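A short write-up of the structure that comes next.
No experiment lies behind these values; they were computed from the predicted model shown. Because only heavy atoms are used, hydrogens play no part in the values below, and waters and symmetry mates are left out as well, while side chains stay in.
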Amino acid sequence: MIKTLTFFNNKGGVGKTSLAYHLAWTYADLGKTILAADLDPQSNLTAAFMTEDEIAELWDEGKPGTTIFDCVKPVTSFGDIAEPKLINCGANLYFLPGHVALSKFEDNLSREWPNSLDSRNLYRPMRILSAF
């Protein structure tokens, strides 16, 4: 069974990113296989794992699957979720970077929520809402 740890709090500055970053490395050092995914549009976890130059290059390329946004972006039109291309950060530790453009996907989620309550065409709203 895959165990999942999720850190969420609406308040900023409470240590979610620092905790996730250090626990990821700690569990990897203990021999656990870890995937850290940055689902925050501020992308602070991405900044912890990558240099500014690496982030700029990654975001400029915009290749499918290279960030969480690039994975879910195809769902906003007529595509499928892109297979994530994970970054190997070391023994047992993999990372899926975030992207500031993820806030655009949040806007799509907000727009599609009322449509999911409509009984006529649920396919598109439900695909977008269930992308994560």
Side-chain angles (χ1 to χ4, degrees):
M1 173 188 280
I2 296 175
K3 296 188 178 175
T4 304
L5 293 176
T6 304
F7 300 96
F8 176 84
N9 191 321
N10 282 331
K11 182 174 180 337
V14 296
K16 300 176 297 288
T17 300
S18 296
L19 183 61
Y21 178 80
H22 291 291
L23 281 178
W25 281 104
T26 299
Y27 281 124
D29 286 344
L30 292 172
K32 304 288 184 187
T33 301
I34 302 299
L35 168 61
D38 190 353
L39 303 179
D40 185 351
Q42 292 181 1
S43 302
N44 291 326
L45 189 59
T46 299
F49 274 101
M50 302 175 73
T51 68
E52 287 183 27
D53 290 338
E54 290 171 328
I55 295 169
E57 183 179 331
L58 185 72
W59 289 354
D60 286 344
E61 288 177 358
K63 293 180 181 175
T66 56
T67 70
I68 187 65
F69 174 71
D70 295 316
C71 288
V72 297
K73 183 180 175 184
V75 176
T76 61
S77 55
F78 293 101
D80 287 325
I81 293 174
E83 183 78 22
K85 293 175 177 55
L86 305 177
I87 296 172
N88 186 338
C89 298
N92 306 317
L93 181 57
Y94 300 88
F95 179 61
L96 178 58
H99 196 301
V100 292
L102 190 58
S103 61
K104 293 178 188 176
F105 189 73
E106 288 180 339
D107 292 343
N108 282 325
L109 289 173
S110 297
R111 276 193 303 276
E112 292 299 335
W113 177 251
N115 295 335
S116 71
L117 303 174
D118 186 2
S119 62
R120 289 174 281 190
N121 182 11
L122 295 178
Y123 180 73
R124 178 175 160 72
M126 290 311 293
R127 279 186 48 86
I128 291 174
L129 292 175
S130 62
F132 281 113

Among residues at least two apart in sequence or on other chains, which ones pass side-chain contact (heavy atoms from CB on, under 4.5 Å) with [X]?
| X | answer |
| --- | --- |
| Ala56 | none |
| Lys3 | none |
| Thr6 | Thr4 |

What heavy-atom pair brings [X] and [Y] nearest, and what distance separates the two atoms?
| X | Y | answer |
| --- | --- | --- |
| Ser103 | Pro41 | N-CB, 3.9 Å |
| Thr46 | Gly98 | OG1-N, 2.6 Å |
| Ala91 | Ala28 | O-CB, 3.8 Å |

Subject >> All ring-ring contact (aromatic ring centres under 6.0 Å, His included) counterparts of Tyr94, not counting sequence neighbours >> reply: none
Original post:
Rounded to the nearest 0.5 Å, how far does CD1 of Ile68 lie from CG of Leu39?
Top reply: 5.0 Å
Original post:
Can you tell me how far NZ of Lys16 sits from NZ of Lys11, rounded to the nearest 0.5 angstrom?
Top reply: 8.0 Å
Original post:
Between Thr17 and Asn44, does any side-chain donor sit less than 3.5 Å from a side-chain acceptor?
Top reply: no
Original post:
Are the side chain of Lys85 and the backbone N or O of Pro64 linked by a donor-acceptor pair below 3.5 Å?
Top reply: yes
Subject >> side-chain hydrogen bond (donor to acceptor under 3.5 Å, both in side chains) contacts touching residues 61-74 (sequence neighbours left out) >> reply: Thr66-Asp70, Thr67-Asp70
**OP:** Would you check if Pro84 and Leu96 make a side-chain contact, meaning some heavy-atom pair closer than 4.5 Å?
**Re:** yes
Subject >> Connected hydrophobic set around Leu30, excluding itself, where side chains approach under 4.5 Å >> reply: Leu5, Phe7, Leu19, Tyr21, Leu23, Trp25, Tyr27, Ile34, Leu45, Phe49, Met50, Ile55, Leu58, Trp59, Ile87, Leu93, Phe95, Val100
**OP:** May I ask you to check whether over 12 heavy atoms, not counting those of Gln42, lie within 6.0 Å of atom CD?
**Re:** no
